[in-house]
Amino acid sequence: MEGGFAGNTGPPNSFDKSEVLDVKPLRSLLPVFPAPGATNGPPFGTAPPNSPFPSGFSPFFPFSPPQGSPSTPVINQNPFDSTAVPIRSFRAEQPTSNGKNVHSSNKRKLAGLSSLKKKAKRSNVSELALAALSNFKPGINAVEKDDGDRELVETVLMRFDALRRKVSQIEDSKEQHSEVFKHANLKAGNIMLTKGVRTNGRKRIGVVPGVEIGDIFFFRMELILVGVHSQSMAGIDFMPMQGSDIEGERVAISIVSAGGYEDDAEDPDVLVYTGQGGNASADKEASDQKLVRGNLALERSLHRANEVRVIRGFKDVTHQTSKVYVYDGLFKVQESWIEKGKTGCNMFKYKLVRIPGQAGAFSTWKSIKKWRADPSSREGLILPDLTSGAESTPVPLVNEVDDEKGPAYFTYVSTVKYPKSFKLVQQPSVGCNCSDACKPGNSNCPCNQKNGGDFPYIANGILVCRKPMIYECGSSCPCFRNCKNRVSQTGFKVRFEVFKTRDKGWGLRSWDPIRAGTFLCEYAGEVIEKVEGQAGEDGANKGYVFHTNRVYESFKWDHETESAGEASSNAGEAFNIPSPLIISSKNSGNVARFMNHSCSPNVFWQPITYEQNNEAFLHVAFFAKKHIPPMTELTYDYGTPPESVADHGKKKCLCGSSKCRGYFY
DNA sequence: GTTTCTTCATAGGT
DNA sequence: CACCTATGAAGAAA
């Protein structure tokens, strides 16, 4: 995969580095850290117990609500309550004809200017929009900035991504090639750092509180924000060695291996990492690497035997152009040597060995890669595709825990079916006039207008924020099937797996790493009338029902600015459902029927409508609440019945979160 | 304190 | 997709 060269797990030429490079001799170092005999007892406070996979999540703490605001109503009957900042109504300036050349020739000069001057060059529009987005309460104190925990890490990551999605949405709505900010992730990261919304900002050796092995990231900025690796591009992060008697001694504390150099990562427990520098660039030829900066720090870490965090980066299978990073735990540098790289220049090599006893992360990814290539190699496989081809992506059925051969019989259907008699509560709406695909910035597009002017999705079908209702393009829209406003109706793209859980029956998880905001699937099944007079509210459908009229715990997912208004700021995350909907997946359904309940879930639902054959139908769509590592069980909050319908219908909850309500329905 | 330098980024193009 | 290039920001070093 990484094209590593075979057999390079040892030093082929152990010649003295000081002969090749003019460096201070390192052998004067005394191995004072750590204490002898203490090398094999790393603190595994973050390792999930009793599970080969990252085990889910600590309680999710939503963003702090505005001071004194009342608790959020869950059902909001006013669809236009949302007071989002109206940034999309602006139109970007046209670029100058030779804007590109001017820009590049000014590059050198601009580099030295203050950010203020650079900003002044941008259009007022972008500045206004960004200023509006920057106007939020940091909600993080000095202690939390220095040292985090699981809640803080999750909150910071979710707030970053909410902001990034919003910046990206603004970027998408601009005219093409207009002179606006690019790189939504950098802009969002910059705002977060400027406002001090970060955690674990104090550098440290070893475990980062709240960051667990197997956690995934989609931007280098995210690594900085939670203190895993505080270099925005460089692969080696280091810090001063405390108590060192050597002037300016620095040890490596984390490295990123992401394909930038010829690393050897065949063995999950051994990483042969290439030092930094020596690459050819626009103004420079390839050269020998020097024993400075990160390389020197790694050399010191070899002598000091300190723990080094390893983050591995891969091409994201679902978004070919971008990368996904996995925190793979603690390693130690075991040896180093110099060898000639492909350019013929000397490269430093560092052999890092994984400290034993840690939960698997990269090893899980390697297994998945094998299953992808040969699905029949999946351990415990019962059925290669339980959808029988109904979905474009197969869904294997596996059981690795007991002898059960599968769930009770049901018919697989990919979408929700309304009975003929169903009384439509929504008028069919007019389609758009967009010829090929609806454009995010087109304020004349009726589909955009129905969505309140904001295009609901950014690239790759990522949801920007929750809405009272999302209106996708329907069959009367002339735009093509691949219009970006048809995310939920084109079927799921995630490589799911239905598996037998240890204590909750069958469950759902994914082979793919999932970004926050990713559309997962809809809740398929038959729309039914309320069943009266039977045990529990669902009667014979019990356990396989979705109700839109249950009480769902409110949570904050969107980026929230102070200017959005105190009183109604949460209203945008309540729903506007014209009339309650009950879907049963008892007899027929899709993968959603296997999703279990959790009181701190990683998935949420969102109502969506689009029209088919001149009738508008409501769909229940599921989206990822946060980044979800592969093989992590997918769960959503089942909610509670509006009245205490039947206490005997409740079940003991096994979600295990500290926010667990004890029961679910 | 300020500026320059280095860096296993990204996104969008061909 | 394998490569190209424009844009770009953090932190260390100067």
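Every chain is numbered from 1 and lettered A, B, ... according to where its sequence line falls, protein lines coming before strand lines. In what follows, every heavy atom counts, from backbone to side chain, and hydrogens, waters and symmetry copies are set aside.
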Base, sugar-phosphate, or nothing for Asn185(A), non-hydrogen atoms under 4.0 angstrom? sugar-phosphate

Heavy-atom nearest nucleotide on DNA chain C taken for Met239(A) and for Leu186(A); more 5' hit belongs to Leu186(A)

Can you identify which nucleotide, out of dA13(C), dC1(C), dT7(C), has its nearest atom closest to the Gln320(A) side chain? dC1(C)

May I have the distance from His319(A) (atom NE2) to dC1(C) (atom C1'), rounded to whole angstrom? 17 Å

Residues Asp264(A) and Lys349(A) bridged, charged N to O under 4.0 Å: no

Donor-acceptor pair between Thr274(A) and Asp263(A) side chains, under 3.5 angstrom: yes

Identify, between Thr321(A) and Gln276(A), the residue whose nearest nucleotide on DNA chain B lies closer to the 5' end. Gln276(A)

Can you check whether Ala252(A)'s main-chain N or O pairs, donor with acceptor, with Asn306(A)'s side chain at less than 3.5 Å? yes

Distance check needed: dA12(C) C1' versus Ile224(A) CD1, whole Å only. 13 Å

Quickly work out the Leu223(A) CG to dA10(C) C1' distance and round it to whole Å. 13 Å

Of the candidate nucleotides dG11(C), dA13(C), dC8(B), which contains the atom at the shortest distance from the side chain of Lys203(A)? dG11(C)

Looking at every strand, decide which applies to Gly189(A) at a 4.0 Å heavy-atom threshold: base, sugar-phosphate, or nothing. nothing

Does the distance from a Lys or Arg side-chain N to an Asp or Glu carboxylate O, for Glu249(A) and Arg304(A), drop under 4.0 Å? yes

Taking for Phe218(A) and for Gly278(A) the nucleotide of DNA chain B with the nearest heavy atom, the one nearer the 5' end belongs to Gly278(A)

Quick check on Glu285(A): does its CD atom have over 12 non-hydrogen neighbours (other residues, nucleotides or ligands) under 6.0 Å away? no

Looking at Lys187(A), does any N or O in its side chain come under 4.0 Å of the phosphate oxygens OP1/OP2 on dT7(C)? no

Base, sugar-phosphate, or nothing: which does Phe219(A) touch, judged by heavy atoms less than 4.0 Å apart? sugar-phosphate

Under 3.5 Å for both distances, Watson-Crick or G-U wobble, that's the pair rule; now give the dot-bracket for DNA chain C, with | marking pairs to another strand and [ ] for crossing ones. .||||||.||||||

Could you label the plane-to-plane angle of the His559(A) and Phe136(A) rings as parallel, tilted or perpendicular, counting under 30° as parallel and over 60° as perpendicular? perpendicular

Taking for each residue the nucleotide of DNA chain C with the nearest heavy atom, is it Ser232(A) or Lys315(A) whose nucleotide lies nearer the 5' end? Lys315(A)

Looking at Lys323(A), I'd like to know whether one of its side-chain N or O atoms comes within less than 4.0 Å of OP1 or OP2 on dA9(B). yes

For a quick check of understanding: with a heavy-atom distance under 4.0 Å over all strands, which category does Arg312(A) fall into, base, sugar-phosphate or nothing? nothing

DNA chain B contacts made by residues 192-200 of chain A, counting heavy atoms under 4.0 Å: none

How about Phe623(A) and Phe519(A): are their ring centroids closer than 6.0 Å? yes

Spell out yes or no: do the side chain of Asn279(A) and the base of dC8(B) have one donor N/O and one acceptor N/O closer than 3.5 Å? no

Closer than 4.0 Å, any side-chain N/O of Arg220(A) to the OP1 or OP2 of dA9(B)? yes

Short side-chain N/O contact from Tyr350(A) to OP1 or OP2 of dC8(B), under 4.0 Å: no

Measure from the side-chain N and O atoms of His229(A) to the backbone N and O of Leu223(A), and report whether any donor-acceptor pair falls under 3.5 Å. no

Taken to the nearest whole Å, CE/Met233(A) to C1'/dC8(B) is 9 Å

Integer-rounded Å distance: dC8(B) P and Ile255(A) CD1: 11 Å

Rounded to whole angstrom units, what separation is found between the NE2 atom of His183(A) and the P atom of dG13(B)? 12 Å

Tell me whether the guanidinium CZ or amine NZ of Arg165(A) lies under 6.0 angstrom from the six-membered ring centre of Trp557(A) and within 45° of its axis. yes

In whole angstrom, what separates Ile236(A)'s CD1 from dT7(B)'s P? 9 Å

Give the ring-plane orientation class for Phe160(A) versus Phe219(A), where under 30° counts as parallel, over 60° as perpendicular and anything between as tilted. perpendicular

Is the shortest side-chain N/O distance from Tyr325(A) to OP1 or OP2 of dA9(B) below 4.0 Å? yes

Please determine, for the side chain of Arg293(A), which listed nucleotide (dT6(B), dA10(C), dC8(B)) has the closest atom? dT6(B)

Ile462(A) atom CD1 is separated from dA11(B) atom P, nearest whole Å, by 11 Å

Using a strict cut-off of less than 4.0 Å between a Lys/Arg side-chain nitrogen and an Asp/Glu carboxylate oxygen, indicate whether Lys166(A) and Asp161(A) qualify as a salt bridge. no

N/O (side chain, Arg164(A)) to phosphate O (OP1/OP2, dA11(B)) under 4.0 Å: no

